[in-house]
Amino acid sequence: MEEPLQRYLDFLKVEKGLSKNSLAAYGTDLNGFLEFLRRRRKTSWGDVAPQDILEHVMKLADGALKARSLARHLIAIRGLYKFLLKEGDVSKNPTALVELPKAGRKLPNFLTLDEVDRVLSASHARAQEGPEGLRNDAMLELLYATGLRVSELVHLTVDDLHLDRGFLKTMGKGSKERIVPIGRSAIQSIQLYLATARETHRKGRSTQALFLTRLGRGMTRQMFWKLLKDLSRRAGIRKDLSPHVLRHSFATHLVQRGADLRSVQAMLGHADISTTQIYTHLNLSHLKIVAAKHPRA
């Protein structure tokens, strides 16, 4: 059963162009399903019945997995069987009668403008302390100014920047390149970092990575996450601040100020406008608060 599964994962990588993180998630979910089937003494994908899939999902639910995560597992299994059916490895699809668990649309966490200002102020203060502070400040300003995913941020190269024209290029999910505009404040922070801190960290080495550690290596997601947690504490932010919360903050603040969803979708790199539409709920909440101030409200 391993060989057909590996063929499917190769198909997702080569034909569908899934990112490393998405591929890892699919691999984890499907290998977990495979282990479940082995314990039930299944020897081929064609031996699997709808009841087996239901019991697998129920077992995951018993482990306190939420509906959204359960749906993700089932989507992975459905995709596998569609592939196996097309390839002729199975003659029927046991997932056809299994419904996705229903999940409510959860509104994303985001920072208020005041909270963003506090985090940026804490970052600007750290920037006065040396090269690492300047680097961190440039990364934070750029993340909030563009809504990049943290993986996109840490993989930026010097050649991806076009500061004179006010934009950058990034490679998003599915290896899709997009153009993202950069605001004046972020450009100034990056220019200062490039002129001082990056040269200090580069130490004469030849590298195109934009954001470097003290050892001259490229920054990682984990390192930036820790830096963000430290800034959050310094700023007195009680929310669980993460790179994705800053991405949500970027989108939320744009929509609250009247940005159209198609533009926000393009900047975030969402393949489907429905993914971006969640921010309209946040905008509606904001408008209700404003409307409540009306003298006849």
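Every heavy atom of this structure was used, including side-chain atoms; hydrogens, water molecules and symmetry mates were not.
- In this structure a side-chain-to-backbone donor-acceptor pair under 3.5 Å is present from Gln265 to His270.
- Rounding to the nearest 0.5 Å gives a distance of 13.0 Å between NE2 of His201 and OG1 of Thr207.
- Using a distance-only test at 3.5 Å, with no hydrogens or angles considered, no donor-acceptor pair links the side chain of Arg184 to the main chain of Gly166.
- Using modelled atom types, one side-chain atom of Thr213 and one backbone atom of Leu215 make a donor-acceptor pair closer than 3.5 Å.
- When each of Ile77, Thr95, Asn93 is paired with Lys82, the side-chain contact (heavy atoms from CB on, under 4.5 Å) condition holds for Asn93 and for no other.
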(request) Check step by step if side-chain contact (heavy atoms from CB on, under 4.5 Å) holds for Met171 and His155. (result) CA-CA 9 Å; Met171 194 69 71; His155 286 118; over 6 Å; no

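- Between the side chains of Asp10 and Gln6, at least one donor N or O lies within less than 3.5 Å of an accepting N or O.
- Between Leu153 and Pro243 the shortest side-chain heavy-atom distance does not fall below 4.5 Å.
- For Leu268 against Ala251, the heavy-atom pair with the smallest separation is CD1-CB, 3.9 Å.
- Two residues are said to be in side-chain contact when any heavy atoms from C-beta on lie closer than 4.5 Å; Leu212 and Thr200 fail this criterion.
- In this structure the side chain of Met219 reaches within 4.5 angstrom of the side chain of Met139, judged on heavy atoms.
- Applying the side chain to side chain donor-acceptor pair (under 3.5 Å) test to every pair with at least one member in residues 187-199, sequence neighbours left out, gives these pairs: Glu199-Arg202.
- Formation of a donor-acceptor pair under 3.5 Å by the Thr252 side chain with backbone atoms of His248 is found in this model.
- Looking only at distances, a side-chain donor or acceptor of Arg247 sits under 3.5 Å from a matching main-chain atom of Gly147.
- In this structure, the side chains of Leu34 and Asn31 come closer than 4.5 Å at one or more pairs of heavy atoms.
- Taking CZ from Arg165 and CD1 from Ile187, the interatomic distance works out to 12.5 Å, rounded to the nearest 0.5 Å.
- A side-chain donor-acceptor contact under 3.5 Å links His253 to the backbone of Leu111.
- Looking at every heavy atom in both residues, Pro131 comes nearest to Ala197 through O-CB, 3.3 Å.
- The heavy-atom pair separating Pro4 from Met1 by the smallest distance is CD-O, 3.3 Å.
- Nearest heavy atoms, Leu85 versus Ser91: CD1-C, 3.6 Å.
- Under the 30°/60° scheme for interplanar angles, the aromatic rings of Trp45 and Tyr81 are found to stand perpendicular.
- The side chain to side chain donor-acceptor pair (under 3.5 Å) contacts involving residues 214-239 comprise Glu115-Lys239, Arg126-Asp230, Glu132-Arg214, Lys229-Asp240, Asp230-Arg234, where partners must be two or more places apart or lie in separate chains.
- With rounding to the nearest 0.5 Å, the separation of OG in Ser185 from CG in Leu120 is 7.0 Å.
- In this structure, CD1 in Ile237 is found 10.5 Å from CG in Leu231, a value given to the nearest 0.5 Å.
- The hydrophobic cluster containing Ile179, built from Ile/Leu/Val/Met/Phe/Trp/Tyr side-chain heavy atoms closer than 4.5 Å, also comprises Phe167.
- Of all heavy-atom pairs spanning Met267 and Pro181, the tightest one is SD-CG, 3.9 Å.
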(message) Checking Glu152 against Arg178 for the salt bridge (Lys or Arg N to Asp or Glu O under 4.0 Å) test, could you report, in this order, the C-alpha distance in whole Å, the side-chain angles of both residues, the deciding distance, and whether it holds?
(response) CA-CA 11 Å; Glu152 296 168 346; Arg178 70 181 189 279; 2.9 Å; yes

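- At least one side-chain heavy atom of Val116 sits under 4.5 Å from a side-chain heavy atom of Tyr144.
- Between Thr112 and Asp117 the shortest side-chain heavy-atom distance does not fall below 4.5 Å.
- Put simply, CG on Leu9 and CG on Leu80 are 8.0 Å apart, with the number rounded to the nearest 0.5 Å.
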(message) Applying side-chain contact (heavy atoms from CB on, under 4.5 Å) to Leu246 and Leu241, what does each step give before you reach the verdict?
(response) CA-CA 8 Å; Leu246 277 178; Leu241 181 56; 4.2 Å; yes

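- Legend: residues meeting side-chain contact (heavy atoms from CB on, under 4.5 Å) with Lys42, ordered by chain and number and at least two apart, are Leu37, Arg40, Asp47, Asp52.
- Under the 4.5 Å side-chain criterion, counting only non-hydrogen atoms from C-beta, Leu12 is not in contact with Phe83.
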Taking distance alone, no hydrogens or angles, what donor-acceptor pairs closer than 3.5 Å link side-chain atoms of residues 17-30 to residues at least two apart or in another chain?
from	atom 1	to	atom 2	distance (Å)
Ser19	OG	Ser22	N	3.2
Ser19	OG	Ser22	OG	3.2
Thr28	OG1	Ala24	O	2.9
Asp29	OD1	Arg72	NH2	3.0
Asp29	OD1	His73	NE2	3.3
Asp29	OD2	Arg72	NE	2.9
Asp29	OD2	Arg72	NH2	3.4

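- Within the 4.5 Å cutoff, the side chain of His162 has no heavy atoms near those of the Ile182 side chain.
- Chaining together hydrophobic side chains whose heavy atoms lie under 4.5 Å apart places Leu134 alongside Leu192.
- Atom CG in Leu84 sits 14.0 Å away from atom NZ in Lys92 (nearest 0.5 Å).
- Ion pairing between a basic and an acidic side chain is recognised when a charged N comes within 4.0 Å of a carboxylate O; Arg7 and Asp89 show such pairing.
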